[in-house]
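Bear in mind that the values here come from a model prediction, so they are computed numbers and not experimental data. Numbering of ligands and ligand atoms starts at 1, following listing order. As a basis for the values below, the full set of heavy atoms in this structure was taken, side chains included, without hydrogen atoms, waters or symmetry mates.
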Amino acid sequence: MSITVPVNKRGIIFNPIVDYDLVLALFLEEFNGRWGNVQPSANTGLEGFEEKSLLGTGSFGQVILAKDKVNAEYYAVKIMLKDQIVKMKQVMHVHTEKRVLASIKFPFLVWLEFSRKDNDFLYLGLPFINGGELFTYHRKVNKFSEQQARFYAAQIFLALEYLHYLHLLYRDLKPENVMIDKNGYIKLTDFGFVKRVETRTMTLCGTPEYLAPEVIQSKPYGSCVDWWSYGVFLYEMVNGTSPFAPHNNDIMLMYSKIVDGEYKMIKTFSPELKNLIENLLQVDLSKRFGSLINGNKDIKDHEWFKPINWFSILNQEMPAPYVPQIVNDEDLSNFDRFPDVKRK
Ligand SMILES: Nc1ncnc2c1ncn2[C@@H]1O[C@H](COP(=O)(O)OP(=O)(O)OP(=O)(O)O)[C@@H](O)[C@H]1O
């Protein structure tokens with residue numbers, strides 16, 4: 001079987017499955033070295049770009065669609081208000097997000113195309129992923145079949161595996177951060193909570209319904225928090241709602257259920273899916289898949305993933321179960337609608 005070998009921006013070839021040591025070495029060279037494979041931010045704001053429409057909003061600003069006036073390429077530009085970043089004590093997070101985005105290259109992750117700044121804002125230019133959020137599509141269809149969920153879950157598995165090899169914790173897995181590209185494959189976006197840890201960390205962050213018990217309890221944690229969120233994600237994809245969705249907005253009750261690992265298993269899930277979820281939503285770290293002696297292999301080799309050929313997923317050769325309809329480069333019909341961009 002042929003394996004397409006991804007080539008990163010500097011033309012260095014690596015195979016993300018076979019040679020992770022090389023991938024890690026290249027990542028570290030970028031991450032610790034020259035601030036990634038991009039030039040330092042030019043102080044020109046979005047000069048040279050046409051600001052088109054609003055794609056989404058985040059904690060520190062907006063993500064807009066912008067068109068490069070010279071090469072006519074489209075980008076999703078994350079615009080962050082400097083004041084807001086400082087007030088919310090997120091300087092380090094933004095710094096890390098930029099360095100990580102500039103240093104990674106993997107089929108199922110977005111990367112940094114360029115960065116800019118001006119007096120008030122920071123701008124991160126990302127490839128425009130035009131199929132919208134997985135969240136929007138999932139909400140439209142309500143549930144995925146196990147086969148469809150497996151297609152997305154396999155890509156997310158490979159993305160997390162890649163990040164973990166680089167000692168990066170993603171810490172914010174949720175359908176809102178998974179974008180669908182024009183071919184129906186996915187890309188993880190939003191690296192605002194990514195943290196590089198060689199051992200363990202203790203920071204409380206993430207999205208409440210997806211938080212692992214050890215994060216809520218302020219215990220030191222490692223990459224297993226992503227595998228917990230992955231279990232929540234699988235459940236939600238196939239069931240329609242997440243296992244710990246709060247009743248009457250009672251967040252404290254939801255936290256106590258997460259800490260106790262108390263959720264309802266869905267009878268209609270296949271036995272394989274039930275087993276995988278039970279092993280991911282394990283409060284006891286000595287039992288959670290991803291942290292046992294076989295590491296990630298317990299997930300990758302699990303019966304539920306038997307129909308998956310990992311190389312054809314990586315090479316994006318498997319037909320996607322859903323391919324978004326995109327009529328032209330500015331088609332935003334797959335995004336939730338927002339009013340047009342107006343920024344001083
Ligand atoms: N590369 C992209 N292509 C198209 N749309 C994108 C892209 N990146 C982000 N978006 C849109 O913008 C939204 C917000 O982006 P993102 O989550 O990165 O912002 P954020 O400020 O980090 O948000 P959060 O508050 O979740 O941390 C996304 O949910 C998505 O709809």
Residues which pass ring pair (Phe, Tyr, Trp, His ring centres under 6.0 Å) with F305, listed by chain and number, not counting sequence neighbours: W310

Side chain to side chain donor-acceptor pair (under 3.5 Å) against D284, all qualifying residues, sequence neighbours excluded: S286

W227 and L160, any side-chain heavy atoms less than 4.5 Å apart: yes

D226: partners by side chain to side chain donor-acceptor pair (under 3.5 Å), with sequence neighbours left out: H164

Quick one: ligand 1 N/O to protein N/O pairs below 3.5 Å?
{"from": "ligand 1", "atom 1": "1 (N)", "to": "P127", "atom 2": "O", "distance (Å)": "2.9"}
{"from": "ligand 1", "atom 1": "3 (N)", "to": "I129", "atom 2": "N", "distance (Å)": "3.0"}
{"from": "ligand 1", "atom 1": "8 (N)", "to": "T189", "atom 2": "OG1", "distance (Å)": "3.3"}
{"from": "ligand 1", "atom 1": "17 (O)", "to": "D190", "atom 2": "OD2", "distance (Å)": "3.1"}
{"from": "ligand 1", "atom 1": "18 (O)", "to": "K78", "atom 2": "NZ", "distance (Å)": "3.1"}
{"from": "ligand 1", "atom 1": "21 (O)", "to": "S59", "atom 2": "N", "distance (Å)": "3.3"}
{"from": "ligand 1", "atom 1": "22 (O)", "to": "K78", "atom 2": "NZ", "distance (Å)": "2.6"}
{"from": "ligand 1", "atom 1": "22 (O)", "to": "D190", "atom 2": "OD1", "distance (Å)": "2.9"}
{"from": "ligand 1", "atom 1": "22 (O)", "to": "D190", "atom 2": "OD2", "distance (Å)": "3.1"}
{"from": "ligand 1", "atom 1": "25 (O)", "to": "S59", "atom 2": "N", "distance (Å)": "3.0"}
{"from": "ligand 1", "atom 1": "25 (O)", "to": "S59", "atom 2": "OG", "distance (Å)": "2.6"}
{"from": "ligand 1", "atom 1": "26 (O)", "to": "D190", "atom 2": "OD2", "distance (Å)": "3.1"}
{"from": "ligand 1", "atom 1": "27 (O)", "to": "D190", "atom 2": "OD2", "distance (Å)": "3.0"}
{"from": "ligand 1", "atom 1": "29 (O)", "to": "E133", "atom 2": "OE2", "distance (Å)": "2.6"}
{"from": "ligand 1", "atom 1": "29 (O)", "to": "E176", "atom 2": "O", "distance (Å)": "3.4"}
{"from": "ligand 1", "atom 1": "31 (O)", "to": "E133", "atom 2": "OE2", "distance (Å)": "2.6"}

Any side-chain heavy-atom pair of E113 and P127 under 4.5 Å: yes

Close side-chain approach of L314 and P107, heavy atoms under 4.5 Å: yes

